[in-house]
Amino acid sequence: MLNYIWSAFVLLSVVCSIFLGKGENLSAAIVDSGAQTVQLLLTLAGVITLWSGIMKIAEESGLTAIFAKIFSPLLRPLFPNLDKESDAFGSITMNITANLLGLGNTATPLGLKAMHELNELNGSSDTASDEMIVFVVMNTASLQLLPTMLGSLRQTYGSNAPFEILVPVWLSSACALSVALMIAVGLNKRKRRL
């Protein structure tokens with residue numbers, strides 16, 4: 001449905017620009033935005049590649065196990081049925097680490113891997129387990145200590161201080177994560193009682 005809405009917006013914009021005699025402006029804007037898109041894509045690809053490599057090195061070097069031990073006291077209450085030595089727990093901690101560093105696009109493959117492993121522990125059921133629900137909530141409303149992707153975007157577009165937004169990012173992501181976890185855990189507990 002959203003595809004149809006966006007297509008209608010684009011079509012309406014093109015028709016309006018032609019009828020208003022602004023076809024040249026439209027052509028210039030299309031070429032300009034295409035060039036900016038390629039430049040942004042190359043910038044983000046470099047950042048994503050760098051951090052994906054660092055996360056892969058961390059996984060291969062055993063840093064995952066260290067992160068699992070560090071995060072274990074915090075994650076144990078959220079994932080009570082999950083063995084802290086399991087691959088799923090390791091993938092969850094790596095995903096959380098990537099999200100803490102503000103690497104949303106780098107965290108995505110780690111999140112997909114964690115969800116796949118959680119689904120295997122769930123017996124490949126069509127119904128999400130409590131752990132899967134909590135993980136999706138944590139991944140969606142993630143806490144970001146260092147929003148590197150946002151900082152690189154701000155720097156690309158000319159910000160003199162791309163990380164001056166740290167405090168608002170910390171506050172908003174902490175509030176979002178707290179509220180989301182309270183709701184998810186509360187609803188999971190309510191479901192178990194029924």
Hey, does the side chain of Ser159 reach the backbone of Gln155 with a donor-acceptor pair shorter than 3.5 angstrom? no
Side-chain touch Ile92/Leu118, heavy atoms, less than 4.5 angstrom: yes
Could you work out, with side-chain hydrogen bond (donor to acceptor under 3.5 Å, both in side chains) as the rule, every residue matching Asp130, not counting sequence neighbours? Lys191, Arg192
Answer with yes or no whether the hydrophobic clustering places Trp170 together with Leu181; edges join I, L, V, M, F, W, Y residues whose side-chain heavy atoms lie under 4.5 Å apart. yes
Atom CG of Asn160: over 12 foreign heavy atoms under 6.0 Å: no
Stepwise side-chain contact (heavy atoms from CB on, under 4.5 Å) check, Leu143 with Asn99: CA-CA 7 Å; Leu143 179 65; Asn99 280 324; over 6 Å; no
Parallel, tilted or perpendicular for Phe79 and Phe135, by the 30°/60° rule? tilted
What are the two closest non-hydrogen atoms of Ile96 and Met138, and how far apart are they? CD1-CE, 3.3 Å
Answer whether the closest heavy-atom distance between the side chains of Leu166 and Pro147 falls below 4.5 Å. yes
Donor-acceptor pair, Asn122 side chain versus Thr127 backbone, under 3.5 Å? yes
So for atom CD, which belongs to Gln36, do other residues, nucleotides or ligands contribute more than 12 heavy atoms lying within a distance under 6.0 Å? yes
Return each pair, listed once, that meets salt bridge (charged side-chain N to carboxylate O under 4.0 Å, His left out) where at least one residue sits in residues 142-155; pairs must be two or more places apart or across chains. Arg154-Glu164
Polar contact flag, side-chain donor to acceptor under 3.5 angstrom, Asn81-Glu131: yes
Is Thr97 close to Leu110 at the side-chain level, that is, under 4.5 Å between some pair of heavy atoms? no
Would Ile133 and Leu78 show up in the same hydrophobic cluster when neighbours are defined by side-chain heavy atoms closer than 4.5 Å? no
Between Asn95 and Ser91, is the side-chain contact (heavy atoms from CB on, under 4.5 Å) condition met? List the steps. CA-CA 6 Å; Asn95 176 267; Ser91 294; over 6 Å; no
Straight-line distance of Ser17 OG to Asn25 CG, nearest 0.5 Å: 8.5 Å
